[in-house]
Structures are given as structure tokens and as C-alpha cells.
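On a predicted model such as this, the values are computed, not experimentally measured, just so you know. For ligands, and for the atoms within them, numbers begin at 1 and follow the listed sequence.
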Amino acid sequence: MKDLKFNRHRRLRGSANIRAMVRETGLYKEDFIYPIFVVEGENVKQEISSMPGVYHFSMDRLGEELDEVVELGIPSVILFGVPNDKDAVGSEAYHDHAITQEAIRFAKERHPELLVIADTCLCQYTDHGHCGVIEDGVILNDESLDLLARTAVSQAKAGADIIAPSNMMDGFVAAIRYGLDQAGFQHIPIMSYAVKYASAYYGPFREAAHSTPQFGDRKTYQMDPANRLEALREAASDVEEGADYLMVKPALSYLDVVREVRDNFNLPIVAYNVSGEYAMVKAAALNGWVDEEKIVLETLLSMKRAGADIIMTYHAKDAVRWLEGK
Ligand code: PBG
Ligand code: ZN
């Protein structure tokens, strides 16, 4: 053993201080975007059964949730309005006084500094639950773009700071950028759900947003989970069309894709830690099978390590409390 040669990696792990000194990535409250679901009605604060700790709020109860987010120092929220009335063309998506627009208006009035992000899609608003308009069972691409642009403009008019289109029609960034610019919203950034897979991890969200497709699936517009190169093509198109951020969604099963997009593009990268990822961790934690705090912080850190700058996560409020020892 006398001349044995090896490296002493443990030298840099010997104490908490030396580990902190050489730590490569970290989690900060500024990294987080917190999703909130808003429903019609009065005095509603109802837990979503597959997402313990996440609620449906009616407008008159939304303030308490926003106050908590702001008090914790989380700089941004994304709002998902869930309307009662749905129709074939998703009229409630682009109506100036529909639920999402009113929620945006309310949030900006109550907390002008809070960044309010609008999810721009049609599936919560259409009676068929698809993200675009339909003819003979086919989801039409170009016909959907006009409605999306109208949705984005009405969200910007209501005060949204950032438009986050999630619908995966081709050309959605170009159409929304054009629509926003024409309406005088050149300064409003687009956070594109550029790389969005047709994933089973959206299950709990669809229960929460009542947006399950009533026939078929989303595989003709969302991406095949088997594909990595296609993610680069999707991201490249969105960059060309004027996206200001690139999102990868879901996050946990797609950390390789987060890294790939990080290495190939120089825009801020967002990872969406989606509802099914949240539900799995919560279920295990509630059974006492995993240590929730440690599992969540490790999971979120893995997204930063993979190259995400920003994380959209239902764990955001808890994560900030844990990070700050509250
Ligand atoms: C709407 C939308 C979805 C999610 C965000 N925006 C659902 C879907 O595409 O089916 C999923 C978010 C989550 O699961 O947390 N297009
Ligand atoms: Zn959709």
C-alpha cells in the first residue's frame, strides 16, 4: 500500500464551512415562481385532492395567498384561471373580464411589485379540453394562433408582467409577439413553454384546472418523451420567433433536456416542476416514507444543477421556509 496513488476528494468535504465554500449551485427564493389556481364563486379555499397544500381560491380569498407569497419574498406567481363556462373556441380565455384577467388585475393592484405571469393556453377554457380549436376531431394549428394572440393581449391589458404560452401550436411565439407588439406591449416578455412533452405528469393539474381533453390526447402537439434532438429544434424556433425565456416541462424526468437546452441557448432557462412530480413527493412524505424537506430541496437543487435558472414549483412556499429555517 506504500506507493498507492489516489486523489483525496474528501479534503473538500471535511466540514460544513469547507463544503459551503466549494458548493457549485444553490437555491434562492428569487429562483421560484409559485403557481396559483383561481376559480369562480365566493369564499372558496379548497384543497386539490391530488395536490395536498395547493388550493383553489376564489377571487375574494386570493389576497391571503398572494400576501403569503409576497411575505416570503417569492418574487413571482403564475396564475391559472379556471372558468365555469367553457365553449368550443375558449371564449373565456380572451374576454377582458374573464377569471384569469380579473385575477391578474387583482394581483397587480394588491401587490404592484409582484411579477404576475399569465399562462396562455385554451385548454381550461374549451369544452373539449384541447389547447387549440377543433375541426372534425383535428386540432387546428393556424386557426388557434389568432385566439392565443388575443388571449395574450387581453392578459397584458389586465396587467400581466410576463406572458407564458403553453399550448404548443407551431408559431405560437411569433403570433403572440406580433399580437403584443401591435397592441403596444413591446415591453412584455414571452416565457415560452418551448419544450413541453406529452406527459402523464400533468394528471393532477388537469384535475385542478378541469382541462382534461374530452377525446384523444395531446400527442399531436406536445412532444414525444422519447425525443431529445426535437427539443433543440423546438427551442431554436422559439428563439427565432422572439422568446425571452425557454421552459422545459416536466422537469424531473427531463433533466437531461434541461442541460441540453442550457448548453445550446443563452436565454434564461425555466424548469417546470409539474403537478405529478409534486403529487408523488407529497404522497411519499405524507406516508412518512421520505423526509419531505430533504427530498424537495434535493430535487429542486438538481434542476439548478441541470442548468435551470428559474423553477416553477408548487413547493416554492415550503422551500423558502426551509431555506430560511422558518
Ligand atoms: C396548459 C397547461 C398544463 C400545465 C401547465 N399549463 C397542462 C397540459 O398541458 O395538459 C401542466 C402543469 C402541471 O402539471 O403542473 N396547457
Ligand atoms: Zn393547454
Side-chain angles (χ1 to χ4, degrees), residues 32-38 48-56 77-83 86 88-90 92-94 99-100 117-134 139-141 144-145 147-148 151-152 155 162-170 172-173 176 190-225 234 245 247-254 270-282 299-300 303 311-316:
F32 297 132
I33 299 170
Y34 186 63
I36 299 178
F37 296 98
V38 187
I48 295 156
S49 60
S50 52
M51 302 176 74
V54 178
Y55 298 82
H56 278 142
V77 294
I78 181 163
L79 296 179
F80 294 99
V82 187
K86 300 172 189 247
V89 291
E92 289 293 293
Y94 36 87
I99 181 142
T100 303
I117 305 175
D119 180 272
T120 307
C121 200
L122 300 177
C123 53
Q124 285 122 270
Y125 310 93
T126 51
D127 51 15
H128 46 72
H130 277 288
C131 305
V133 289
I134 306 259
I139 294 98
L140 300 176
N141 195 87
S144 302
L145 295 180
L147 300 182
L148 279 174
T151 303
Q155 292 169 335
I162 300 174
I163 296 298
S166 63
N167 98 312
M168 290 298 281
M169 295 299 120
D170 290 326
F172 69 86
V173 174
I176 288 173
I190 296 177
M191 179 182 281
S192 176
Y193 286 65
V195 180
K196 179 173 178 180
Y197 287 91
S199 171
Y201 284 98
Y202 309 148
F205 174 96
R206 290 184 190 167
E207 180 202 324
H210 309 143
S211 66
T212 307
Q214 298 302 301
F215 68 90
D217 52 42
R218 302 212 204 287
K219 288 180 187 167
T220 68
Y221 44 108
Q222 299 181 350
M223 287 175 51
D224 185 336
E234 276 284 357
Y245 305 74
M247 194 191 303
V248 176
K249 177 187 174 191
L252 198 48
S253 283
Y254 299 85
V270 186
Y272 196 149
N273 175 216
V274 299
S275 58
E277 300 171 41
Y278 177 85
M280 291 194 305
V281 168
K282 289 303 264 195
T299 303
L300 297 176
M303 295 167 196
I311 304 172
M312 236 180 235
T313 179
Y314 305 96
H315 295 293

Engineer: Please answer whether the main-chain N or O of Pro250 pairs with a side-chain N or O of Glu277 as donor and acceptor at a distance below 3.5 Å.
Structural biologist: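 Judged by distance alone, no pair lies under 3.5 Å.
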Engineer: Between Tyr201 (side chain) and Tyr278 (backbone), is there a donor-acceptor pair under 3.5 Å?
Structural biologist: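 No.
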Engineer: Measure the distances from the heavy atoms of Tyr272 to every atom of ligand 1 and state whether one is below 4.0 angstrom.
Structural biologist: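 Checking ligand 1 against Tyr272, which is what was asked, there is a heavy-atom contact under 4.0 Å.
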Engineer: Quick one: which ligand 1 atoms are inside 4.0 Å of a heavy atom on Asp119?
Structural biologist: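 Going through ligand 1 atom by atom, the ones under 4.0 Å from Asp119 are 6 (N).
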Engineer: How close does the nearest protein non-hydrogen atom get to atom 15 (O) of ligand 1, and which residue and atom is it?
Structural biologist: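 Here the closest protein heavy atom is Tyr314 OH, 2.6 Å.
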Engineer: Using modelled atom types only, decide if a donor and an acceptor are shared between the side chain of His210 and the backbone of Pro83 within a distance under 3.5 Å.
Structural biologist: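 Side chain of His210 to backbone of Pro83: no pair is present.
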Engineer: Can you tell which part of Cys123 has a heavy atom less than 4.0 Å from ligand 1: side chain, backbone, both or neither?
Structural biologist: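 Side chain only.
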Engineer: Taking Gln124 for the side chain and Leu122 for the main chain, is one N or O donor matched with an acceptor at less than 3.5 Å?
Structural biologist: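 Side chain of Gln124 to backbone of Leu122, a donor-acceptor pair under 3.5 Å: no, none is there.
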Engineer: Measure the distance from atom 14 (O) of ligand 1 to every protein heavy atom, then report the residue, atom name and distance (to 0.1 Å) of the closest one.
Structural biologist: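 Checked against all protein heavy atoms, atom 14 (O) of ligand 1 sits closest to Ser275 OG, 2.7 Å.
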Engineer: Where the closest heavy atom to atom 6 (N) of ligand 1 is concerned, which of Glu277, Arg206, Lys249, Gln124 has it?
Structural biologist: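 The option holding the nearest heavy atom is Lys249.
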Engineer: Do Ser199 and Tyr254 pair up side chain to side chain, a donor and an acceptor below 3.5 Å, judged on atom types alone?
Structural biologist: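 Side-chain D/A pair, Ser199 to Tyr254: absent.
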Engineer: Just need the protein heavy atom nearest to atom 16 (N) of ligand 1, so name the residue and atom and give the distance.
Structural biologist: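 Ranking protein heavy atoms by distance from atom 16 (N) of ligand 1, first comes Lys196 NZ, 3.0 Å.
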Engineer: Does Tyr221 use its side chain to pair, donor to acceptor, with the backbone of Cys131 at less than 3.5 Å?
Structural biologist: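 Judged by distance alone, yes, a pair lies under 3.5 Å.
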Engineer: Taking the Zn ion (ligand 2) as the center, what protein N, O or S atoms are found at less than 2.8 Å?
Structural biologist: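 Result, waters dropped: Cys121 SG, Cys123 SG, Cys131 SG.
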Engineer: Where's the contact between Cys121 and ligand 1, heavy-atom distance under 4.0 Å: side chain, backbone, both or neither?
Structural biologist: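 Answer for Cys121: side chain.
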Engineer: Non-hydrogen atoms of Gln222 versus ligand 1: any pair closer than 4.0 Å?
Structural biologist: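 Judged by the 4.0 Å heavy-atom criterion, Gln222 does count as contacting ligand 1.
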Engineer: Measure Asn167 to ligand 1 on non-hydrogen atoms and call it side chain, backbone, both or neither using the 4.0 Å cut-off.
Structural biologist: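 Neither; nothing of Asn167 gets under 4.0 Å from ligand 1.
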Engineer: Just heavy atoms, cut-off under 4.0 Å: does Tyr278 contact ligand 1 by side chain, backbone, both, or neither?
Structural biologist: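 For Tyr278, there is no contact with ligand 1 at all, from either part.
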Engineer: Has His128 got a side-chain atom pairing as donor or acceptor with Phe215's backbone, closer than 3.5 angstrom?
Structural biologist: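 No, the answer is negative, given that no donor and acceptor are paired below the 3.5 Å cut-off.
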Engineer: Donor-acceptor check, side chain of Asp119 to backbone of Phe80, threshold 3.5 angstrom: yes or no?
Structural biologist: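 A pair under 3.5 Å: no.
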Engineer: Under the criterion side chain to side chain donor-acceptor pair (under 3.5 Å), I'd like the reasoning laid out for Thr100 against Tyr125: C-alpha separation, chi angles, the key distance, then a yes or no.
Structural biologist: CA-CA 10 Å; Thr100 303; Tyr125 310 93; 2.6 Å; yes
Engineer: Would one find an N or O of Arg218, backbone or side chain, under 3.5 Å from an N or O of ligand 1?
Structural biologist: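 Indeed, backbone or side chain, Arg218 has an N or O that close.
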Engineer: Can you list everything that forms a side-chain hydrogen bond (donor to acceptor under 3.5 Å, both in side chains) with Thr120? Sequence neighbours excluded, please.
Structural biologist: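 Checked Thr120 against side-chain hydrogen bond (donor to acceptor under 3.5 Å, both in side chains); matches are Gln155.
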Engineer: Between Lys219 and Ala198 (side chain of the first, backbone of the second, donor and acceptor by atom type, cut-off under 3.5 Å), is there such a pair?
Structural biologist: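 No, the answer is negative, given that no donor and acceptor are paired below the 3.5 Å cut-off.
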Engineer: I'd like to know whether the aromatic ring centres of Phe32 and His315 sit less than 6.0 Å apart in this structure.
Structural biologist: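 No, ring centres 6.0 Å or more apart.
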Engineer: Please confirm whether Ser211 comes under 4.0 Å of ligand 1, counting heavy atoms of the residue only.
Structural biologist: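 No, Ser211 has no heavy atoms under 4.0 Å from ligand 1.
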